[in-house]
Amino acid sequence: MTEHDVRPLTESEFRASNDLFRKALNAPTVTDEGWRLLAERYEPGRVWGDHIGGQLAGTTMSFASSLALPGGAELPAAAVTAVGVRADLTRRGVLTELMRAQLDEVRRRGEAAVMLHASETAIYGRFGYGVATRSRTVALETARAAPRDRAPGGGRVRLVGVDEAAEILPGLYRGLGVVRAGMIARPPSWWLTHLRRRDSNGDHAVIAVHSDPNGIDDGFAVWVPSGNDYRFGDGRTTLRLLDLHAAGPAATAALWWFLLGVDLADEVVAIERPIDEPLEWWLTDSRQSRVRDVYDGLWVRPVDVPAMLRERDYGTAEPVVLEVRDGLLPDNAGCYLVGPDGAEPTERDPQLSVDVAELASLLFGEARPSTLAEANLIEAHDPKALDPADRLFATLERAWCGTHF
Ligand SMILES: CC(C)(COP(=O)(O)OP(=O)(O)OC[C@H]1O[C@@H](n2cnc3c(N)ncnc32)[C@H](O)[C@@H]1OP(=O)(O)O)[C@@H](O)C(=O)NCCC(=O)NCCS
């Protein structure tokens with residue numbers, strides 16, 4: 001049997017933790033300059049290591065954030081990142097030990113949820129994480145994608161340097177408010193690495209800020225150009241859009257039109273965009289918004305189920321009794337009466353039963369209860385409860401995270 005020694009790492013062990021994580025991702029370890037930025041993300045007490053035979057075998061960490069629920073309530077949540085196990089020590093339960101320790105830590109801190117972006121979909125469901133949001137990758141040819149006459153836009157777009165962006169963007173993002181469920185708070189350490197990252201040429205990302213006709217900043221975009229020397233290859237240049245947030249359709253669209261108008265760029269490829277972003281409706285030729293991929297975005301693991309159920313908004317329908325099953329955090333397990341006015345624990349018999357991972361998908365409106373029942377992921381003791389449950393958990397707008405970590 002493998003002997004595990006799981007404990008929070010000390011500051012002197014943080015870089016080894018990052019090196020192990022990057023090697024587990026088959027990525028190069030960071031330079032000294034890169035580490036100076038990344039180290040800001042490592043907070044004592046939030047970085048975990050599992051040791052086998054005295055050697056670091058695997059690691060995980062989190063940073064403090066918050067998570068928006070349907071209706072706009074924001075709950076404290078831990079953003080889990082830098083998860084990795086040494087390639088020669090996988091499948092011995094290292095991740096399992098780390099996940100248990102981290103869940104206990106987060107519960108002690110009083111955070112309502114843990115959340116992450118998964119490298120593979122098979123990993124985290126067993127620990128109670130479920131898909132809360134989805135995103136899409138869209139690609140547009142700059143020569144063909146043009147705004148319709150009535151498309152939104154306007155205002156002014158200006159490029160800013162990294163230092164100015166570091167001054168403006170954090171407040172701008174916060175000031176936009178909760179635009180959608182699934183959005184998270186970005187701590188200063190996140191901004192530091194996001195804005196000061198360099199591409200393979202050593203250049204910083206390009207950053208643009210949009211201001212409305214009154215001169216008020218109301219949106220921003222961050223992208224990395226991938227240029228091709230026209231004398232070699234196909235000579236095409238792609239703008240890789242990493243981040244675009246704005247107060248509304250006018251600012252969002254204006255940033256898109258700016259990107260599509262950049263000289264010598266052939267294509268804009270945008271990752272992690274909302275599935276229902278109305279690009280198709282803004283273009284003269286809707287097919288020019290080519291969806292390359294749709295994938296799971298934020299995975300959420302409810303840690304304080306009563307709080308998450310209570311703080312979410314619901315639609316109008318007859319209340320239903322929902323049983324939540326949670327093998328890892330048994331305090332969450334039990335029945336909840338969910339109705340238009342909220343949700344509270346109840347002693348009544350369940351009409352529907354769901355595991356905590358799929359509860360995450362219900363909470364964010366990512367899946368309808370009846371869809372999960374069709375997949376045998378909800379047990380419908382009383383099938384008549386599915387229709388009201390669909391109405392209660394329905395959301396008008398797709399959840400979207402829009403922040404990679
Ligand atoms: C994913 C990773 C962290 C798993 O670590 P691990 O220590 O091997 O996981 P465990 O041994 O605790 O596995 C627990 C269970 O999950 C399964 N599992 C773990 N990783 C899996 C994967 N990538 N695909 C399918 N199943 C996986 C195991 O088979 C095991 O199942 P079992 O309980 O039925 O036997 C590790 O493989 C890794 O570092 N991968 C590369 C880096 C990476 O992807 N990190 C995650 C970034 S989000």
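Note that ligands are numbered from 1 as they come in the structure, with each ligand's atoms numbered from 1 the same way. Source: prediction; values computed, not measured.
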With ring centroids as reference points, do [X] and [Y] lie under 6.0 angstrom apart?
| X | Y | answer |
| --- | --- | --- |
| H404 | H117 | yes |
| H210 | W257 | no |
| F63 | F405 | yes |
| W190 | Y173 | no |

Give the single entry among [options] that approaches [atom] most closely by any heavy atom.
| atom | options | result |
| --- | --- | --- |
| atom 2 (C) of ligand 1 | L20, L95, L98 | L95 |
| atom 32 (P) of ligand 1 | H117, R92, R22, R126 | R126 |
| atom 10 (P) of ligand 1 | A82, G125, G84, G93 | G93 |

Please work out whether any backbone atom (N, CA, C, O) or any side-chain heavy atom from C-beta onward of [X] is under 4.0 Å from ligand 1, and answer side chain, backbone, both or neither.
| X | answer |
| --- | --- |
| R91 | both |
| I123 | side chain |
| W299 | neither |
| E97 | neither |

Identify the closest protein heavy atom to [atom]: which residue and atom is it, and at what distance?
| atom | result |
| --- | --- |
| atom 44 (O) of ligand 1 | S119 OG, 2.6 Å |
| atom 23 (N) of ligand 1 | E120 OE1, 2.8 Å |
| atom 48 (S) of ligand 1 | Y124 OH, 3.2 Å |
| atom 45 (N) of ligand 1 | V83 O, 2.9 Å |
| atom 38 (C) of ligand 1 | V85 N, 3.9 Å |

Is atom 35 (O) of ligand 1 less than 4.0 angstrom from at least one protein heavy atom?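 Protein heavy atom within 4.0 Å of atom 35 (O) of ligand 1: absent.
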Any protein heavy atom lying closer than 4.0 Å to atom 40 (N) of ligand 1?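 Protein heavy atoms within 4.0 Å of atom 40 (N) of ligand 1 - there are none.
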Determine, for W191 and R186, whether the Lys NZ or Arg CZ falls below 6.0 Å from the six-membered ring centre while staying within 45 degrees of the axis.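 Ring-cation test returns yes.
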Whether R301 engages the ring of F127 as a cation-pi pair (distance to the six-membered ring centre under 6.0 angstrom, angle to the ring normal within 45°) should be assessed.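 Verdict for F127: no cation-pi partner in R301.
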Quick check on contacts: which atoms of ligand 1 are under 4.0 angstrom from a heavy atom of A122?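 Answer, ordered by atom number: 24 (N), 25 (C).
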Tell me whether [X] has any N or O atom under 3.5 angstrom from an N or O of ligand 1.
| X | result |
| --- | --- |
| A24 | no |
| T96 | yes |
| T90 | no |

Compute the minimum heavy-atom distance from [X] to ligand 1 and say whether it is under 4.0 Å.
| X | result |
| --- | --- |
| M99 | no |
| G58 | no |
| F21 | no |

Pairs where residues 119-135 contributes a residue and the test side-chain hydrogen bond (donor to acceptor under 3.5 Å, both in side chains) is met, not counting sequence neighbours: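 Output for this query lists R134-E366.
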For the student: nearest non-hydrogen atoms of V305 and V356, plus distance: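 Scanning both residues completely, I find the closest heavy atoms to be CG2-CG2, 3.9 Å.
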Write down the atom of W256, the atom of V268, and the distance for their closest heavy-atom approach.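 In terms of heavy atoms, the two residues are closest at CZ3-CG1, 3.9 Å.
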Side-chain heavy-atom pair Q351, E323 within 4.5 angstrom cut-off: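 No, side chains not in contact.
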D243/H194 under side chain to side chain contact (heavy atoms under 4.5 Å, CB included): CA gap, chis, key distance, verdict: CA-CA 10 Å; D243 194 15; H194 181 57; 2.9 Å; yes
All N/O donor-acceptor pairs, side-chain side in residues 151-172, below 3.5 Å, sequence neighbours left out:
residue	atom	partner	partner atom	Å
R158	NH1	D217	OD1	3.0
R158	NH2	D217	OD2	3.2
D163	OD1	R196	NH1	3.1
D163	OD1	R196	NH2	3.0

Does the side chain to side chain donor-acceptor pair (under 3.5 Å) test come out yes or no for S370 and D390, once each step is laid out? CA-CA 7 Å; S370 54; D390 280 356; 2.6 Å; yes
